[in-house]
2 protein chains.
Amino acid sequence: MTRQLHLNAFLMSTGHHEASWRLPESDPFANTSVQHYQSLAQIAERGKFDSIFFADSPVLFGDVGRRPAGSLEPTVLLTAIAAATSRIGLIATASTTYNDPFNLARRFASVDHVSGGRAGWNVVTTAGPEAAKNFNLADQPAHAERYDRAAEFLEVAYKLWDSWQDDAAIADKSSGVWALNDRVVPIDHVGRHFQVRGPLNLPRSPQGHPLIVQAGSSEDGKGLAARYAEAVFTAQQTLEDAQDFYRDLKARTAALGRDPDTIKILPGIVPVIGGTVEEALRLEQQLDELIRPEYARLQLARTLRVKPEDLPFDQQLPDDLPDEDEIEGAKSRYTLIVTLARREKLTVRELIGRLGGGRGHRTFSGTPEQVADAIQDWFEADAADGFNIMPAVLPSGLTAFVDEVVPILQRRGLFRTDYTGTTLRDHYGLARPAGRTASLQEATA
Amino acid sequence: MTRQLHLNAFLMSTGHHEASWRLPESDPFANTSVQHYQSLAQIAERGKFDSIFFADSPVLFGDVGRRPAGSLEPTVLLTAIAAATSRIGLIATASTTYNDPFNLARRFASVDHVSGGRAGWNVVTTAGPEAAKNFNLADQPAHAERYDRAAEFLEVAYKLWDSWQDDAAIADKSSGVWALNDRVVPIDHVGRHFQVRGPLNLPRSPQGHPLIVQAGSSEDGKGLAARYAEAVFTAQQTLEDAQDFYRDLKARTAALGRDPDTIKILPGIVPVIGGTVEEALRLEQQLDELIRPEYARLQLARTLRVKPEDLPFDQQLPDDLPDEDEIEGAKSRYTLIVTLARREKLTVRELIGRLGGGRGHRTFSGTPEQVADAIQDWFEADAADGFNIMPAVLPSGLTAFVDEVVPILQRRGLFRTDYTGTTLRDHYGLARPAGRTASLQEATA
């Protein structure tokens with residue numbers, strides 16, 4: 001069988017284009033509507049997507065005037081969606097900087113139980129001083145410190161998920177023994193950031209561990225991904241950059257003794273689909289015209305750590321921006337934006353248009369055939385194992401992709417026509433992690 | 001209309017009797033089965049209960065041999081149940097000692113959004129050194145310190161829940177303004193335990209605040225309840241004790257300037273229901289005979305802070321137990337158990353039988369009429385505003401209560417025959433808290 005594509009639907013209120021909520025079709029309160037998200041997940045499941053995904057940060061971003069703001073806590077949202085779907089994987093973002101490993105490991109294991117093995121966790125370290133101020137801190141911990149904590153956080157989580165053997169509970173009613181004590185053991189973790197006794201207060205979940213996803217592309221981010229990630233979401237603007245990233249991350253993964261096929265790399269794409277090229281471009285232009293540039297410039301200035309007035313709309317970015325090294329926030333996003341602007345010599349206004357659609361992700365406008373071609377090209381050129389589909393408008397952009405692009409990919413033999421497994425790991429072709437095995441000297445009831 | 005009873009169903013795996021899982025009818029893996037809990041909630045909703053409730057602690061308790069151990073994280077579980085029900089209130093326990101206010105306030109607000117205004121939070125401070133060891137601590141913070149943190153935690157949560165005005169989002173598509181900036185403001189909380197900037201990253205929820213529930217009966221616990229709680233779960237063995245507690249808590253509430261009718265007091269009751277008294281007693285005895293006394297004694301010894309061998313099965317409790325003042329864990333539970341044992345001169349074996357059913361809550365075995373009488377007597381004697389129903393066996397004990405006891409209470413005019421409102425606050429007859437109101441000088445778009 002041909003190597004198979006993986007598709008993730010990255011869902012965000014009325015769509016990834018910041019002005020999408022202003023379209024007549026959009027529900028401007030979709031950001032807190034569980035029915036909206038249940039319906040989107042059902043559309044993606046109809047399209048046999050591997051998974052859906054939610055970004056998140058424990059802070060209210062930017063300006064509530066600009067676009068629908070605030071969102072349901074993602075593990076709560078995934079659980080509500082689990083009840084309305086049966087096969088599609090469910091990936092939520094959660095921060096290792098602003099959570100405790102015991103609580104978060106339990107929450108993802110709970111979602112895995114409730115969904116029958118469909119949970120995934122996008123591990124983020126949460127950039128920016130704003131979030132820190134919601135958690136007793138004056139500023140964010142340094143980039144390297146956040147990643148050091150993230151690695152230890154994951155080690156603790158793995159130990160907790162494996163603190164129960166799969167066969168710990170024997171439920172012997174006649175003898176009155178529910179589980180065997182030596183199969184549920186403390187983890188006694190003592191590290192630089194965490195001391196956690198364990199065991200977890202929840203039996204091992206259907207997938208053993210939820211799928212681990214990572215989306216940072218800085219040096220630290222790639223290091224974390226190579227060691228732990230099973231799927232990686234990344235923003236790549238050109239085929240060459242995507243190939244470099246793909247090759248680099250697979251090599252880093254192999255260098256750590258992991259099979260590079262156990263890490264799936266999914267660049268983001270914002271497909272704007274029309275019956276003709278002109279129709280697609282018209283939709284894109286319609287959206288860009290709805291952007292309020294003063295809001296967008298405020299956001300851009302924040303990312304670039306400059307003042308809004310230093311970014312005149314009709315000039316290119318100033319020459320004296322800080323180096324990535326000086327950025328303690330979202331390093332790789334910073335570099336991507338600056339590189340894109342300089343490479344294409346974009347004015348601030350043009351850059352805002354490009355970012356309005358995908359915040360640094362690749363926007364592609366065209367017919368369903370052209371979108372399918374764009375996906376196939378990168379997939380076959382070793383730039384991607386699949387794609388993070390980021391519809392500019394929801395639900396219409398997702399519906400168009402599922403009804404018009406997916407059948408083309410299926411006809412070309414690149415994408416499943418039905419699910420063959422039941423868990424998120426099944427969909428991505430990843431094995432269930434073995435847990436601890438029974439001690440040689442079995443305990444008896 | 002006659003004053004109306006409130007009924008909460010306290011759900012716990014196969015039932016509150018520790019040996020319930022050993023009955024032939026019981027699913028011994030019910031503790032991680034979302035279908036089990038969805039079905040229980042549907043039964044309680046058929047019985048027009050105000051709410052269901054889950055206890056919780058971020059630690060694996062005791063001995064996994066003894067009974068089904070480990071449980072789904074409660075806000076995840078409530079969300080799954082929300083999808084399978086439409087009216088019943090959904091109350092989960094979460095710890096103020098081992099959570100951050102920003103994350104937890106958002107999670108409960110999310111459950112409130114997802115459920116259409118049915119979320120309640122049982123605020124606990126989490127007794128015991130075991131939980132502390134899962135959160136970087138060698139031992140639990142002192143009792144008074146935990147309650148001091150709990151009070152500030154609640155103050156932060158209220159501020160976050162009110163950080164968005166109800167009318168903040170205007171969603172004006174034509175001007176491109178989604179929300180008015182002066183209606184979503186930072187909370188800038190600076191206190192002894194927390195510094196939280198806010199605002200919350202979620203618009204105000206249907207109930208404004210989730211219902212606040214409290215279940216500690218120590219001095220500190222009653223102080224916290226009088227100030228903040230809207231419903232109180234309590235363990236009371238005798239009518240006199242229950243009346244004293246009721247009178248005391250209502251007076252404390254009034255002394256703080258709150259209408260005492262805005263705090264609903266619900267003692268726990270473990271009803272064991274039979275067609276005849278003999279049948280009920282036979283069921284109770286059958287359950288008690290399934291207790292493995294060595295497990296139960298281990299648990300009792302842990303609560304009393306003595307060694308198991310200091311508790312011979314056929315003797316009463318030793319005389320030299322510590323005072324409640326010396327207990328930094330669950331003070332009121334400690335006192336209740338010691339008082340019960342001394343008052344009724346119970347041997348350790350007899351005490352274990354009494355605790356096996358309800359862990360200190362009142363067990364009542366009888367016919368449906370007798371159970372209804374027991375409830376009505378306390379209700380009309382100013383000992384209760386309602387009851388926390390703790391079936392010894394689930395689902396059968398809940399089904400029996402709903403099908404046999406509820407109709408009697410309805411015929412007597414004491415309990416609703418249908419829901420009259422849609423939110424948890426509606427069911428308990430509690431007003432939606434007013435949020436912040438618009439500033440006098442309205443911002444304009």
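If you're wondering where the values come from, they're calculated on a predicted model, not measured in any experiment. First the proteins, then the strands, lettered A, B, ... as listed; each starts at 1.
- Between A:Leu77 and B:Ser110 the shortest side-chain heavy-atom distance does not fall below 4.5 Å.
- Remark: B:Arg66 pairs with B:Glu18 by the salt bridge (charged side-chain N to carboxylate O under 4.0 Å, His left out) rule, at least two apart or across chains.
- A side chain to side chain contact (heavy atoms under 4.5 Å, CB included) with A:Leu60 is found for exactly one of B:Leu202, B:Leu200, B:Val184, namely B:Val184.
- Looking only at side-chain heavy atoms (C-beta outward), B:Val177 and A:Tyr295 come within less than 4.5 Å of each other.
- Of all heavy-atom pairs between A:Ala80 and B:Val114, the closest is CB-CG1, 4.0 Å.
- Note: A:Trp21 leads A:Phe194, A:Trp21, A:Tyr98, A:Phe29 in heavy-atom pairs under 4.5 Å with chain B.
- Within the 4.5 angstrom heavy-atom criterion, no atom of B:His189 approaches chain A.
- If you measure heavy-atom distances from B:Asp188 to chain A, you find no contacts under 4.5 Å at all.
- Looking at B:Ser57, only its backbone comes within 4.5 Å of chain A, counting heavy atoms on both sides.
- The side chain to side chain donor-acceptor pair (under 3.5 Å) check on A:Lys133 picks up nothing, with sequence neighbours excluded.
- Inter-residue side-chain proximity for A:His113 and B:Val34 is flagged as unmet; no heavy-atom pair is nearer than 4.5 Å.
- Of the two parts of B:Leu23, only the backbone, made up of N, CA, C and O, holds a non-hydrogen atom closer than 4.5 Å to a non-hydrogen atom of chain A.
- Using a 4.5 Å cut-off between heavy atoms, B:Asn136 contacts chain A through both its backbone and its side chain.
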Audit row: A:Thr32, B:Arg204, side chain to side chain donor-acceptor pair (under 3.5 Å) steps and yes/no: CA-CA 10 Å; A:Thr32 52; B:Arg204 201 159 188 261; over 6 Å; no
